[in-house]
Structures are given as structure tokens and as C-alpha cells.
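Scope of the values below: all heavy atoms of this structure, side chains included, with no hydrogens, waters or symmetry mates. Counting starts at 1 for both ligands and their atoms, following the listed order.
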Amino acid sequence: MKKQIILATPRGFCAGVDRAIEIVEKALTQYGAPIYVRHEVVHNKFVVDNLRTRGAVFIEDLEDVPENSILVYSAHGVPLSVQEEAKRKNLKMIFDATCPLVSKVHNEIKNLYRNEYQIIMIGHKGHPEVVGTMGQIDGKIFLVETIEDIKLLPISFDCKKVAVVTQTTLSIDETKLIIEELKRKYIYLRLPKNEDICYATQNRQDAVKAIAKICDILIVIGSKNSSNSNRLKELAENLGVKSYLIDFADEISPSWLEGKFSIGVTAGASAPEILVEEVVNYLMKYDFCEIKNFPTIEEKMVFALPKELRF
Ligand code: SF4
């Protein structure tokens with residue numbers, strides 16, 4: 001039996017990540033270094049290190065941004081408090097690299113708040129996207145991470161104005177279960193008009209489901225702080241496939257490959273294709289020479305750059 005590599009498709013960069021990286025790159029070209037970026041522009045070590053060598057400076061606190069600098073918000077979005085602080089500073093330019101699909105959830109939240117809804121958000125506590133989304137209004141948003149958290153919600157079951165939104169990069173299956181439970185508890189629950197979990201998260205999880213049946217193990221290329229990469233690893237494990245999350249090919253242990261014939265490979269939405277190529281080259285050294293692409297859907301999404309950077 002020939003040893004094979006099964007490539008999940010689609011994998012890697014999504015339209016929001018492409019746009020965020022291009023904003024930093026074009027800002028560097030147009031205005032020169034340093035370009036200050038609040039938080040890692042996307043959660044990928046390779047991408048962030050690369051931009052850093054070109055002159056991007058990643059900061060968490062706006063205190064560290066000197067006057068007259070150029071600032072970029074990361075793809076995860078920022079709370080209003082950060083936007084207000086940035087406006088008070090004497091900055092030359094601010095570019096918002098928040099993914100438009102995250103901004104869509106921000107607008108949903110603001111609309112719900114204006115209409116006096118009690119808002120529940122499904123997401124991971126402390127993740128920058130969740131911090132940014134919950135910080136879009138002055139009022140309270142109730143965070144739910146697991147089904148158990150629903151019991152603790154101080155909202156009455158017959159509340160007529162209760163709505164739920166979600167982080168964009170969650171597990172599709174787990175989120176469905178949480179929403180089902182919320183619907184059981186709240187008869188008037190308002191669901192998002194369109195899904196909040198983004199197309200890229202959905203497609204990458206579907207692609208892993210499609211190859212899981214034919215893989216002995218799955219290698220997920222992505223950084224440890226990447227939410228959607230972690231969900232891909234968890235998904236494979238839930239389907240009974242041992243899975244490893246790695247930043248670089250040299251983290252693969254030869255022992256993972258012993259006695260295996262079929263290695264699945266995917267990449268989170270912030271991991272570039274060059275890292276997939278390095279993993280494939282590494283596996284070929286261990287006689288995994290037959291490479292199969294396993295496409296499930298074609299992606300055509302593209303997001304426009306801010307007008308100042310369209311050149
Ligand atoms: S994973 Fe989804 S929400 Fe996040 S940047 Fe990509 S398209 Fe946007």
C-alpha cells in the first residue's frame with residue numbers, strides 16, 4: 001500500500017486574513033516602518049514574525065504607540081474603548097483590519113442594544129474577537145462558553161427581547177448544541193439573521209470532516225492561539241482521528257508517522273500555504289509520496305482594502 005498525504009481543501013488563508021495582512025504590508029510600503037499593530041494582526045507566528053522583520057510593531061497597549069504614528073487594528077476587531085483612546089491620540093492614520101464578518105457581528109450587537117435586547121454571546125472568554133465584540137456597547141452582554149453556562153444566565157425564560165450572537169470561529173457542531181439548548185430555555189430567542197460563524201470556519205471544518213474517514217492522523221498547521229485551528233484539531237479528535245496542531249514542519253515527530261499510511265493535512269485560516277508545502281516536503285522524506293487534494297467547496301470570497309491603500 002502506497003503511503004499518502006490527503007490535503008483538506010479549502011484550508012489556510014481566508015479572505016479576512018488575506019485582507020488584514022495586505023493592510024499591514026501596504027501600509028509598510030506606502031508609509032514606511034514602523035507601522036504599529038494592535039495585537040497580532042492574525043494569530044499566526046510565521047506571519048507575525050515575518051511582518052515584524054519588515055517593520056511592523058505589535059503592541060497590546062496604545063500607550064506604546066508614539067504620537068504621529070500609523071496604527072492598524074487586528075483582524076479580530078477592537079472594543080469601542082480602544083477606538084476612543086486611539087482617537088484621543090495624535091495619530092497620523094488608523095487602518096481598521098477588522099474582518100468585515102466580525103464587523104457584521106459588531107453591527108448586529110449595536111442594533112440589538114438600540115432595540116433593548118438582552119444579548120447573549122457564545123464564544124471563548126478572553127479571545128480578542130470576543131473582547132472586541134462585547135466592547136461594542138456600554139451595556140452588559142452575557143457570555144456563554146458551554147451548555148452548562150446557560151443555567152447561570154440571569155435572564156427570565158419568558159423574556160421577549162433576548163438574542164444570541166456568536167464568535168465567528170467556533171465549532172459548528174458544539175455551537176448548534178448550545179443554540180438548541182438556548183432555544184429550549186428562551187421561547188422568544190432571536191437568532192442571528194445570517195450565521196455569525198463565518199464561511200471560512202464552516203468550510204475548513206467541513207473539509208476536515210470529509211477527510212477524517214480516510215486519515216490515520218491529521219496534522220493541523222496553525223498557532224496555539226488560533227481559535228479556528230484549535231477547532232479543526234478538536235473536530236478531528238471528536239471523529240476519532242489523532243490530531244496534532246503545529247506551527248512548523250520541524251515539530252512533527254517521526255513517531256507520529258510510525259505504522260501510518262494516510263496522513264491528513266489542513267491549515268487554519270491564518271496559516272499560509274508555504275507552511276503546508278513544508279509539511280508535505282517533510283512527509284515525503286518519510287515515503288508519503290502520493291499526494292491527494294480533497295476539495296469540498298471552492299471559495300471565492302474577497303474583501304476590499306481601505307481606499308487609502310488601494311493602489
Ligand atoms: S476566520 Fe472568518 S471571521 Fe476570521 S478573519 Fe477569516 S473570514 Fe474573517
Glu234 and Asn238: side chain donor to acceptor below 3.5 Å: no
All pairs passing salt bridge (Lys or Arg N to Asp or Glu O under 4.0 Å) where residues 162-177 contributes a residue, at least two apart: Asp173-Lys209
Distance-only polar pair, side chains of Asn225 and Glu40, donor-acceptor under 3.5 Å: yes
Reference residue Ile5; test side-chain contact (heavy atoms from CB on, under 4.5 Å); the match among Val276, Val265, Val279, Ile219: Val265
Side chain Asp149, main chain Thr146, donor-acceptor under 3.5 Å: yes
Contact atoms of ligand 1, heavy-atom distance to Tyr199 under 4.0 Å: 7 (S)
Residue and atom names of protein N/O/S atoms that fall under 2.8 Å from atom 8 (Fe) of ligand 1: Cys99 SG
Between Thr9 and Arg11: side-chain donor-acceptor atoms closer than 3.5 Å: yes
